[in-house]
J.: 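This is the structure, below, for whatever I ask next.
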Amino acid sequence: MLKVENLTVRCGAFTLKEITFQVARGEFFVLLGPTGAGKTVLLETIAGLHFPTRGRVFLSGRDVTLLPPERREIAIVYQDYALFPHLKVSENITYALRFRRQSERKGQDWREVVDLLGIGHLLARYPGSLSGGEKQRVALARALAAQPQMLLLDEPLSALDPATRRETERELKKLHLALGLTTVMVTHNFEEVFALADRVAVILDGALAQVGTPQEVFRSPKSREVARFVGTENFYQPPAFARPDG
Ligand SMILES: Nc1ncnc2c1ncn2[C@@H]1O[C@H](COP(=O)(O)OP(=O)(O)OP(=O)(O)O)[C@@H](O)[C@H]1O
């Protein structure tokens with residue numbers, strides 16, 4: 001579904017180095033790493049908001065490396081929701097559909113997404129009157145109404161209080177199971193990885209340090225750096241063979 005091949009991206013003084021991984025259709029894939037590791041730059045390169053200096057991005061076998069964002073059929077949702085304050089919730093959700101012909105619309109109707117997210121009662125309200133959790137659901141509904149091939153989420157839950165965060169996490173899981181949409185999410189929250197991810201990629205200092213299921217990455221970190229990041233105490237690397245002097 002998504003194939004990222006040898007991706008190198010320069011962003012100011014920062015470089016994302018030779019990133020290669022694949023995400024299967026319907027998979028929930030998480031990019032995990034400390035602050036400044038390059039997760040957002042990677043996500044935005046997949047979305048077409050940065051262009052790589054080397055490497056390729058393929059979506060369903062199509063090389064989209066040089067395509068602008070609007071031709072990739074990808075939706076991206078940020079932690080700050082980015083809703084239009086002067087438009088009602090319903091207008092926010094249907095915003096991207098205004099220029100589409102009926103014949104181009106496929107899959108589920110936006111009202112089904114509204115039902116799945118339980119936000120039907122909010123349609124006539126303006127974003128300013130919504131709670132953080134409600135805004136995030138509306139932002140998700142707006143992204144999904146455009147019927148993307150893939151959903152990108154940049155720390156979608158990090159602005160929420162712990163209780164709302166867990167509730168929205170469950171909603172996200174439910175939505176993913178219902179729609180089967182290929183999803184790539186950025187986070188530095190370990191709990192979210194275990195609650196949502198089929199597989200996780202650990203990004204450290206602009207490089208991909210390990211990819212695997214959450215269990216594989218947390219129980220068997222491949223390097224001292226990954227072990228340190230995931231907080232594994234019992235990482236053991238046999239000492240190098242000591243050569244006798246002389
Ligand atoms: N447009 C830009 N111009 C210059 N440097 C940038 C730009 N965007 C990102 N960077 C730099 O690239 C590096 C990686 O940033 P990025 O936002 O991808 O990190 P992150 O892993 O998503 O961190 P966080 O978890 O804090 O969001 C940072 O050092 C950042 O300052």
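This structure is a prediction, so every number in the text was calculated from the model and none was measured. Remember, it's 1-based here, ligands and their atoms both numbered in the order they're listed.
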J.: Measure the CG-CZ distance between Leu2 and Arg25 for me, rounded to the nearest 0.5 Å.
T.: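 Between Leu2 CG and Arg25 CZ, I get 11.5 Å after rounding to 0.5 Å.
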
J.: Could Arg166 and Glu169 be called an ion pair, given the rule that one side-chain N must be under 4.0 Å from one carboxylate O?
T.: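 So Arg166 does not pair with Glu169 through a salt bridge.
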
J.: Compute the ring centroids of Phe190 and Phe229, then answer whether they are less than 6.0 Å apart.
T.: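 Phe190 vs Phe229: aromatic centres under 6.0 Å.
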
J.: When you measure from atom 9 (C) of ligand 1 to the protein, is at least one non-hydrogen atom found at a distance under 4.0 Å?
T.: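 Yes.
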
J.: Considering non-hydrogen atoms only, spot the tightest contact between Ala141 and Val113 and give its length.
T.: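 So the minimum-distance heavy-atom pair works out to CA-CG1, 3.8 Å.
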
J.: So if I count the atoms of ligand 1 from 1 in the order they appear, which ones are less than 4.0 Å from some heavy atom of Pro34?
T.: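 Counting from 1, the qualifying ligand atoms are 21 (O).
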
J.: Return a yes/no value for Gly38: is any of its N or O atoms, backbone included, closer than 3.5 angstrom to an N or O of ligand 1?
T.: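 Yes, there is a polar N/O contact under 3.5 Å.
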
J.: My understanding is that only one of Gln136, Glu191, Glu192 makes a side-chain hydrogen bond (donor to acceptor under 3.5 Å, both in side chains) with Arg165; could you say which?
T.: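 Of the listed residues Gln136, Glu191, Glu192, the side-chain hydrogen bond (donor to acceptor under 3.5 Å, both in side chains) partner of Arg165 is Glu192.
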
J.: Tell me whether Glu155 reaches ligand 1 (any heavy atom closer than 4.0 angstrom to a ligand atom).
T.: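 Yes, Glu155 has heavy atoms under 4.0 Å from ligand 1.
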
J.: Among all the protein's non-hydrogen atoms, which is closest to atom 26 (O) of ligand 1, and how far away is it?
T.: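 Going by distance alone, atom 26 (O) of ligand 1 is nearest to Thr35 OG1, 2.4 Å.
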
J.: Give me the nearest non-hydrogen protein atom to atom 15 (O) of ligand 1 as residue plus atom name, then the distance to 0.1 Å.
T.: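 Protein heavy atom with the smallest distance to atom 15 (O) of ligand 1: Val41 CG2, 4.0 Å.
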
J.: Which residue and atom name correspond to the protein heavy atom nearest atom 11 (C) of ligand 1, and how close is it?
T.: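 Looking at atom 11 (C) of ligand 1, the protein heavy atom closest to it is Phe14 CB, 3.9 Å.
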
J.: What protein heavy atom sits nearest atom 22 (O) of ligand 1, and how far off is it?
T.: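 Ranking protein heavy atoms by distance from atom 22 (O) of ligand 1, first comes Thr40 OG1, 2.8 Å.
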
J.: Below 4.0 angstrom from a heavy atom of Gly12, which ligand 1 atoms are there? Numbered from 1 as shown, please.
T.: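 Listed by number with element, the hits are 4 (C).
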
J.: Calculate, to the nearest 0.5 Å, the distance between atoms CG and CG belonging to Leu43 and Leu153 respectively.
T.: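 Here the interatomic distance stands at 8.0 Å.
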
J.: Answer yes or no for Arg142 and Phe84: cation-pi contact, defined as NZ/CZ to six-membered ring centre under 6.0 Å and angle to ring axis within 45°.
T.: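 So Arg142 does make the cation-pi contact.
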
J.: Hey, which atoms in ligand 1 end up nearer than 4.0 Å to a heavy atom of Cys11?
T.: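 Here the atoms of ligand 1 in question are 1 (N), 2 (C), 4 (C), 5 (N), 6 (C), 7 (C), 8 (N).
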
J.: Any ion pair linking Glu18 and Arg54 (charged N to carboxylate O, less than 4.0 Å)?
T.: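 Yes, charged N to carboxylate O under 4.0 Å.
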
J.: Tell me the protein heavy atom at minimum distance from atom 14 (C) of ligand 1, and give that distance in Å.
T.: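 The closest heavy atom on the protein side is Gly36 O, 3.6 Å.
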
J.: Can you list the atoms of ligand 1 that are under 4.0 Å from a heavy atom of His188?
T.: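 The atoms of ligand 1 under 4.0 Å from a heavy atom of His188 are 25 (O).
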
J.: What is the nearest protein non-hydrogen atom to atom 25 (O) of ligand 1, stated with its residue, atom name and distance?
T.: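 Checking every protein heavy atom, the shortest distance to atom 25 (O) of ligand 1 gives Lys39 NZ, 2.8 Å.
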
J.: Should we count CG of Asn189 as having more than 12 external heavy atoms under 6.0 Å?
T.: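 It does: Asn189 CG has more than 12 such atoms within range.
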
